[in-house]
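Whatever order the structure lists ligands and atoms in, that order sets their numbers, starting from 1.
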Amino acid sequence: MASRLHILDEARVQLEDWLSQQGLPPYRARQVRHWLYCGRAEQFSEMTDLPHSLREQLADAFAIWSSTVLQHPTAADRTEKLLLRFPPSAAIECVLLRDGLRRTVCVSTQVGCAMGCVFCASGLEGVERNLTVGEILEQVLLLQRLLSQQERLSHVVVMGMGEPLANLDSLLVALHRISSPEGLGISPRRITISTVGLPAAIDRLVERRAPYRLAISLHAANDALRDQLVPVNARIGLREVLGAADRFVVATGQRITFEYVLLAGVNDSVEQARELARLLRGRKALLNVIPYNPVAGLLYGIPSSSAVEQFCEILRRSSINVQCRERKGEAIDAACGQLRRRAIPAAQLISQPELANSPGVES
Ligand code: SAH
């Protein structure tokens, strides 16, 4: 099986080339794509408007799926998560969220993560490799198949495992197929890339006129604290991150989202809310305040709902656009890297540097 190519990794031209080598017309590629993206086909044999012989040839040459589903938990709010393994690599995760009429998928871009955010499960073992275009698409298509025939995918968030802007080339090809009418046809305005904030890569998004929404994970309003929570910040600095965010807003006219995970006793004080308000004042931005989702082995505290409310209220009073996000899919470890975290033995955990004000890591 390993010798078969992953069909989701094949660009249109490559599939057309393969068809022409078999003496077949290029329009067959369009039919195959239609079955994959809209027809929710699981196998080539289901592609009933293709000749039998072609279905067999395709099945000999290509695989549609390259992952193994290790776990598939569903939460009471119908959030579903897939723990997937793309052999021979370690597991990655992706999530389907149902909210009113919204059907959002959250996908991973890397196996592991190199950014090292101290409260996040994804980076605890570092990064193994980038996911390919096909592997990113496979997550979306597998989650799409969990929907009923009446349901349609409406949104994509690139907020799973990994730093999306560290795998930008593959991500942009995958997102192009997700947004193109020949692919899933999801509007780019409903696709959000979440980044730790890599200025050069944000500038590349602008240069390449990527039409997607951008979210930047801030988590702290000063460099001293951000260096501790988001270690990659020590090499970049908030000024540079916000500078790139401002250039993105000017170039695209789009509002940017800043994410701020509230960790009890670490970054949730009244003074820190005021400092954040000063930093964001005058910027065309939405602030997403997200209470910490506990990670097995990490002992950061969940802020009380009154602390979350107070934090958000201070920002609101300073005319900052704030969204206080509820925690979704908690029972199934829906936050970045959590499910895989539970699935790996404690002996493999890597210690994180302790934070001055936080409980640090369980031994
Ligand atoms: N590397 C990208 C995508 C990461 S996941 C980024 O940094 O944005 C998307 C968001 O979930 C990030 O803001 C991340 O900091 C946050 N996150 C990670 N672990 C979390 C947890 N345990 N609880 C709440 N949010 C978490």
Side-chain angles (χ1 to χ4, degrees), residues 79 81 92-95 97 104-127 130-131 136 139 155-168 171 191-199 201-202 205 212-220 225-226 228-233 236 241 244-245 248 256-264 266-268 286-303 308 323-342 352 358-359 361-362:
T79 298
K81 185 159 193 167
I92 60 109
E93 312 176 349
C94 54
V95 187
L97 298 124
T104 305
V105 295
C106 171
V107 294
S108 295
T109 49
Q110 298 183 306
V111 182
C113 184
M115 299 300 113
C117 301
V118 293
F119 52 85
C120 176
S122 294
L124 292 175
E125 286 79 34
V127 67
N130 284 342
L131 292 173
I136 297 170
Q139 298 170 60
H155 293 74
V156 174
V157 294
V158 188
M159 294 190 181
M161 185 175 271
E163 168 47 44
L165 297 193
N167 187 12
L168 188 57
L171 175 66
I191 298 177
T192 303
I193 304 173
S194 174
T195 174
V196 74
L198 304 177
I202 294 173
L205 281 178
Y212 312 109
R213 300 211 173 266
L214 189 65
I216 297 183
S217 298
L218 218 48
H219 311 323
L225 183 60
R226 196 166 193 264
Q228 291 186 59
L229 297 178
V230 183
V232 71
N233 188 66
I236 301 170
V241 174
F248 180 91
I256 216 160
T257 298
F258 290 106
E259 290 156 288
Y260 194 100
V261 170
L262 268 192
L263 306 163
V266 176
N267 65 354
D268 66 342
L286 170 72
L287 177 71
N288 242 334
V289 175
I290 312 154
Y292 173 61
N293 236 315
V295 173
L298 298 183
L299 294 179
Y300 296 106
I302 308 168
V308 176
Q323 184 173 296
C324 256
R325 276 233 303 251
E326 60 183 305
R327 285 152 62 204
K328 262 189 142 330
E330 196 185 335
I332 56 163
D333 299 321
C336 201
Q338 286 182 330
L339 184 60
R340 180 177 91 153
R341 174 90 175 146
R342 284 208 200 274
Q352 291 290 308
S358 75
V361 178
E362 222 171 20

Check each heavy atom of Val261 against ligand 1 and say whether those closer than 4.0 Å belong to the side chain, the backbone, both or neither. side chain
Could you tell me if the side chain of Glu163 sits less than 4.5 Å from the side chain of Thr109, heavy atoms only? no
Contact with ligand 1 for Pro294, non-hydrogen, under 4.0 angstrom: no
I'd like to check which ligand 1 atoms, numbered from 1 as shown, lie under 4.0 Å from a non-hydrogen atom of Val295. 22 (N)
Could you walk me through whether Val230 and Ser217 pass the side-chain contact (heavy atoms from CB on, under 4.5 Å) check? CA-CA 9 Å; Val230 183; Ser217 298; over 6 Å; no
Give the contacting part of Thr195 toward ligand 1: side chain, backbone, both or neither, where contact means a heavy-atom distance below 4.0 Å. backbone
Answer whether the closest heavy-atom distance between the side chains of Ile136 and Asn167 falls below 4.5 Å. yes
With respect to atom 22 (N) of ligand 1, which of Ile302, Asn293, Leu229, Val232 exhibits the smallest heavy-atom separation? Asn293
Hey, looking at atom 4 (C) of ligand 1, which of Gly160, Cys106, Ala114 has the closest heavy atom? Gly160
Candidate pair Leu286 and Gln323, rule side-chain contact (heavy atoms from CB on, under 4.5 Å), full reasoning: CA-CA 7 Å; Leu286 170 72; Gln323 184 173 296; 3.9 Å; yes
Does an N or O from Gly162, backbone or side chain, lie closer than 3.5 Å to an N or O of ligand 1? yes
Begin with the C-alpha distance, continue with both residues' side-chain angles, and end with the deciding distance and a verdict on side-chain contact (heavy atoms from CB on, under 4.5 Å) for Tyr300 and Val118. CA-CA 9 Å; Tyr300 296 106; Val118 293; 3.5 Å; yes
Distance under 4.0 Å to a non-hydrogen atom of Ser217: what atoms of ligand 1 satisfy this? 6 (C), 7 (O), 8 (O), 12 (C), 13 (O)
Indicate, as side chain, backbone, both or neither, the part of Glu259 found under 4.0 angstrom from ligand 1 when only non-hydrogen atoms are considered. side chain
Worked check of side-chain contact (heavy atoms from CB on, under 4.5 Å) between Leu225 and Val266: CA-CA 9 Å; Leu225 183 60; Val266 176; 4.2 Å; yes
Region of Met115 that comes within reach of ligand 1 [heavy atoms, distance under 4.0 Å]: neither
At under 4.0 Å between heavy atoms, what of Val196 touches ligand 1? The answer is both
Any side-chain heavy atom of Val157 sitting closer than 4.5 Å to one from Val105? no
Contacts of type ring pair (Phe, Tyr, Trp, His ring centres under 6.0 Å), residue Phe119, not counting sequence neighbours: His219
Does the residue Met161 have a heavy-atom contact with ligand 1, meaning some pair of atoms that are separated by less than 4.0 Å? no
Listed by chain and number, what are the ring pair (Phe, Tyr, Trp, His ring centres under 6.0 Å) partners of Tyr260, not counting sequence neighbours? Phe311
Distance under 4.0 Å to a non-hydrogen atom of Cys120: what atoms of ligand 1 satisfy this? 18 (C), 19 (N)
